[in-house]
Amino acid sequence: MYIAIAGNIGSGKTSLTEILSKRFGITAHYEDIENPYIGDFYKDMNRWSFNLQVHFLGSRIKQSREALALSGDLIQDRTIYEDAYIFADNLHKMGLMSSRDFDTYMKLFALSEGLIQQPDLLIYLKASVPTLISQIQKRGRAYEMSIDEDYLQRLNAKYDNWIDNIYKGEVMVVDIDKCDFILNPEIIEQIEQRIEDIRNRKSDK
């Protein structure tokens with residue numbers, strides 16, 4: 001079974017991945033944040049946006065292919081879909097990635113999309129900008145301290161549109177503003193039940 005966690009910067013993807021991995025004994029695959037362009041990107045988004053996104057896409061494809069080649073269940077922190085439909089598209093719309101670079105990027109994404117299995121369940125961690133800012137500040141990554149609130153709001157709008165109108169797989173939305181899975185274990189139990197329901201449906205086929 002393949003479970004993926006999606007959500008904006010600071011929404012809690014890594015924390016939920018860790019919790020579910022331990023709860024189910026599932027192999028966890030975390031987002032590679034060691035992108036050599038990320039520090040430069042937050043200082044000059046226009047100059048480094050294409051480099052940043054291509055590196056993330058390549059890293060995510062490699063990770064996904066390696067993970068899915070293994071036997072057994074797995075859970076992944078962030079997906080290749082977010083790289084394209086959220087981050088690259090947002091940078092293009094903001095004028096921070098040229099149309100030429102964006103078209104090239106989307107062609108690379110289209111080639112890679114067919115190589116990756118769609119998750120059996122996508123868990124979308126939805127959070128307001130104040131919640132995201134609070135959690136970003138708590139984890140204290142230096143390169144994230146200058147992230148603009150308007151930028152996070154744009155990403156939130158992209159996420160909502162992607163979930164509501166583009167993504168075709170099975171989705172479970174967890175509203176982090178109302179459902180703090182760290183403080184409220186019942187949220188984890190609800191997620192667990194959803195996963196078990198899908199597992200049972202797969203085993204009946």
Side-chain angles (χ1 to χ4, degrees), residues 4-17 29-65 76-116 118-119 122-129 131-133 135-136 139 141-169 171 173 176:
I5 313 296
N8 205 341
I9 302 163
S11 60
K13 298 181 301 299
T14 301
S15 296
L16 183 59
T17 299
H29 295 270
Y30 296 98
E31 180 180 19
D32 180 11
I33 62 171
E34 298 302 319
N35 189 318
Y37 298 101
I38 199 162
D40 292 323
F41 168 73
Y42 282 121
K43 294 175 184 175
D44 187 350
M45 291 184 175
N46 191 66
R47 166 63 182 86
W48 297 104
S49 61
F50 180 73
N51 307 67
L52 178 89
Q53 291 305 132
V54 168
H55 188 278
F56 270 136
L57 181 64
S59 174
R60 205 94 62 202
I61 293 168
K62 181 176 183 293
Q63 182 194 62
S64 298
R65 293 284 291 175
Q76 185 177 29
D77 172 0
R78 188 161 275 161
T79 66
I80 64 167
Y81 309 106
E82 293 162 85
D83 289 317
Y85 293 115
I86 310 300
F87 292 94
D89 186 63
N90 180 63
L91 290 167
H92 179 237
K93 292 293 196 304
M94 291 177 69
L96 296 171
M97 183 185 292
S98 71
S99 293
R100 180 177 63 176
D101 284 349
F102 181 67
D103 289 344
T104 299
Y105 176 87
M106 291 306 293
K107 287 175 182 175
L108 292 173
F109 171 73
L111 289 172
S112 63
E113 188 177 15
L115 302 175
I116 307 298
Q118 187 178 68
L122 179 78
I123 302 173
Y124 169 42
L125 302 183
K126 182 182 176 72
S128 66
V129 171
T131 296
L132 296 173
I133 291 292
Q135 298 193 162
I136 287 170
R139 69 186 183 190
R141 293 174 185 165
Y143 61 81
E144 292 180 342
M145 292 299 102
S146 61
I147 294 178
D148 185 72
E149 291 188 16
D150 289 340
Y151 177 68
L152 291 174
Q153 187 58 57
R154 284 175 174 270
L155 293 179
N156 267 355
K158 291 287 181 188
Y159 267 105
D160 289 341
N161 180 61
W162 175 57
I163 292 295
D164 293 340
N165 303 308
I166 299 174
Y167 187 72
K168 303 302 182 184
V171 177
V173 178
I176 300 303

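This is a predicted model, so every value here is computed, not measured.
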Just wondering, do [Y] and [X] contact through their side chains at under 4.5 Å, heavy atoms?
X	Y	result
D101	S49	no
F56	I80	no
F50	T104	yes
N51	H55	no
I9	Y151	yes
V54	Y37	no
K158	F87	no
L132	I176	no

Measuring from [X]:[atom1] to [Y]:[atom2], what's the distance to the nearest 0.5 Å?
X	Y	atom1	atom2	value
D103	L108	CG	CG	11.0 Å
I136	E149	CD1	CD	9.5 Å
D150	M94	CG	CE	8.0 Å
I61	F109	CD1	CZ	9.0 Å
Y85	M106	OH	CE	5.5 Å
L91	Y105	CG	OH	9.5 Å

Which heavy atom of [X] sits nearest a heavy atom of [Y], and at what distance?
X	Y	result
V129	Q153	CG2-OE1, 3.2 Å
G7	R78	O-NH2, 2.7 Å
A6	K13	C-CD, 3.7 Å
G95	N46	O-OD1, 3.2 Å
T79	A4	CG2-CB, 3.5 Å
R139	G10	NH2-N, 3.5 Å

Return yes if some donor-acceptor pair links the side-chain N/O of [X] with the main-chain N/O of [Y] below 3.5 Å, else return no.
X	Y	answer
N8	L152	yes
N35	L52	yes
N156	A127	yes

Exercise. Are E82 and W162 close enough, and set up right, to give a side-chain contact (heavy atoms from CB on, under 4.5 Å), and what steps lead you there?
Worked result: CA-CA 9 Å; E82 293 162 85; W162 175 57; 3.9 Å; yes
Exercise. Do D160 and K126 meet the salt-bridge criterion of a basic N to acidic O distance under 4.0 Å?
Worked result: yes
Exercise. What's the verdict on side-chain contact (heavy atoms from CB on, under 4.5 Å) for I86 and Y81, showing C-alpha distance, side-chain angles and the deciding distance?
Worked result: CA-CA 8 Å; I86 310 300; Y81 309 106; over 6 Å; no
Exercise. Under 6.0 Å from the CZ atom of R65, do we count more than 12 heavy atoms belonging to anything else shown?
Worked result: no
Exercise. Should the heavy atoms of other residues, nucleotides or ligands under 6.0 Å from CD of Q118 be counted, would the total exceed 12?
Worked result: yes
Seminar exercise, completed: Result for side chain to side chain donor-acceptor pair (under 3.5 Å) between Q76 and one of R60, Q63, H29 points to Q63
